[in-house]
Enquirer: 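Here you go, one structure.
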Amino acid sequence: MADVITRGGVFAALPAEQRGHLMALAREVSFTSGTRIFDEGGRADRFWILRSGSVALDLHVPGRRAATVEVLGPGELLGWSWFLPPRHWHLGAAAESVVRAHEFDAAEVRALCDRDPVLGMALITAVAGTIADRLMASRTRLLDLYGPNGSGPRL
C-alpha cells in the first residue's frame, strides 16, 4: 500500500514508523475519468496520495472555462488546503483519467499529528514543499499565458 509513497512521493522523507501510522488511516478510492473531485472554495476535509492516473488542478476564471494550472500523477499529494485554516480548497481538481488513490480524513490526520510531533513536523515540511511547488507552477503557467515574451524562468 505504501509503495507509491516510499518511491519518491511527497511523503518519502517520513520516517518508516510515522509513515506506517499515517498509512493506517488511508482508505483506497478511485475516480473515473472526468470526475470532479473538488471545487475551488469548497470545504477541504480530506486529501489524497495518487497511486495511478492523473488529476488536473484548475482555477476558476469568470466568464471562461477553468484554467488548468498543473497536472498531478502517481505519488503526488492531491489537496493541501485541509492543513491550514480556513480549510477551503484554493483550486479545483478533476480526474483526467481513471485515478486510484489513498484517501485520508483531514481531521484524523491532524489529530495524529497532535499526538506524534515527529510526524506533524515531517508533514508540515511536506505540505509546505507542495504549496511552494504549486505556487511556482501557477506562476509559470500565468507567465506562459499572460506574460511578455521571454518573461518566464531562465533555464
Side-chain angles (χ1 to χ4, degrees), residues 1 4-5 7-14 22-23 25-114 119-155:
M1 183 189 265
V4 167
I5 293 172
R7 280 197 322 250
V10 71
F11 296 124
L14 288 178
L22 180 63
M23 290 307 296
L25 300 178
R27 181 175 85 93
E28 290 194 39
V29 297
S30 62
F31 303 101
T32 58
S33 181
T35 299
R36 193 85 187 141
I37 300 171
F38 56 83
D39 289 309
E40 184 179 345
R43 197 176 108 212
D45 60 356
R46 63 197 67 247
F47 66 95
W48 302 263
I49 298 173
L50 302 181
R51 295 184 66 205
S52 64
S54 60
V55 173
L57 296 176
D58 56 40
L59 180 65
H60 175 73
V61 180
R64 296 178 59 191
R65 197 168 24 150
T68 297
V69 228
E70 189 172 2
V71 177
L72 306 179
E76 294 192 85
L77 172 68
L78 171 59
W80 58 262
S81 302
W82 61 275
F83 204 72
L84 302 167
R87 298 188 174 94
H88 294 284
W89 297 119
H90 289 82
L91 298 170
E96 285 199 327
S97 64
V98 174
V99 172
R100 291 180 40 216
H102 296 297
E103 181 178 85
F104 298 85
D105 179 274
E108 288 179 359
V109 173
R110 287 191 302 271
L112 178 61
C113 289
D114 287 344
L119 173 64
M121 187 61 186
L123 204 49
I124 286 170
T125 301
V127 170
T130 297
I131 294 168
D133 291 346
R134 304 272 162 80
L135 180 60
M136 183 56 79
S138 296
R139 179 181 175 270
T140 301
R141 177 77 174 140
L142 288 171
L143 285 173
D144 286 347
L145 291 173
Y146 303 110
N149 190 17
S151 63
R154 295 197 195 307
L155 301 178

Enquirer: Looking at Leu78 and Ala93, what are the two nearest heavy atoms and their distance?
Expert: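 Looks like CD1-CB, 3.9 Å.
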
Enquirer: Hey, what do you get for OG1 (Thr130) to CD (Glu76), rounding to the nearest 0.5 Å?
Expert: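 Atom-to-atom, Thr130:OG1 and Glu76:CD are 8.0 Å apart.
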
Enquirer: Work out which heavy atom in Leu22 is nearest to a heavy atom in Phe104; give both atom names and the distance.
Expert: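 What the structure gives for the nearest pair is O-CE2, 3.3 Å.
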
Enquirer: Should Ile131 and Phe83 count as side-chain neighbours, where that means a heavy-atom distance under 4.5 Å?
Expert: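 Not in contact.
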
Enquirer: If you take all heavy atoms of Leu123 and Cys113, which pair is closest and at what distance?
Expert: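 Smallest interatomic distance, heavy atoms only, reads CD2-SG, 3.5 Å.
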
Enquirer: Under 3.5 Å, which donor-acceptor pairs do the side chains of residues 63-74 form with other protein atoms, sequence neighbours left out?
Expert:
residue	atom	partner	partner atom	Å
Arg64	NH1	Tyr146	OH	3.1
Glu70	OE1	Arg134	NE	3.4

Enquirer: Applying side chain to side chain donor-acceptor pair (under 3.5 Å) as the test, list every pair that has at least one member in residues 77-86; sequence neighbours left out.
Expert: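 Listed by first then second residue: Ser81-His90.
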
Enquirer: Measure across Asp45 and Arg43 and return the closest heavy-atom pair with its distance rounded to 0.1 Å.
Expert: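 Closest pair (atom of Asp45, atom of Arg43, distance): OD2-NH2, 2.8 Å.
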
Enquirer: Suppose we screen for side chain to side chain donor-acceptor pair (under 3.5 Å). Which residues come up paired with Glu103, at least two apart in sequence or across chains?
Expert: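 Testing Glu103 for side chain to side chain donor-acceptor pair (under 3.5 Å), a comparison that skips the adjacent residues, returns Arg27, Arg46, Trp48.
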
Enquirer: Which pair of non-hydrogen atoms, one from Ala95 and one from Val99, has the smallest distance, and what is that distance?
Expert: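 Answer, listing the atom of Ala95 first, then Val99: CB-CG2, 3.8 Å.
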
Enquirer: Atom CD1 of Ile124 and atom CG of Leu84: how far apart are they, to the nearest 0.5 Å?
Expert: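 That separation rounds to 9.0 Å.
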
Enquirer: Under the 3.5 angstrom rule, does the side chain of Ser97 hit a backbone N or O of Gly53 as a donor-acceptor pair?
Expert: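 No; zero donor-acceptor contacts below 3.5 Å.
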
Enquirer: How about Arg36: does its CZ atom have over 12 heavy atoms from other parts shown lying under 6.0 Å from it?
Expert: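 Check passes, neighbour count above 12.
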
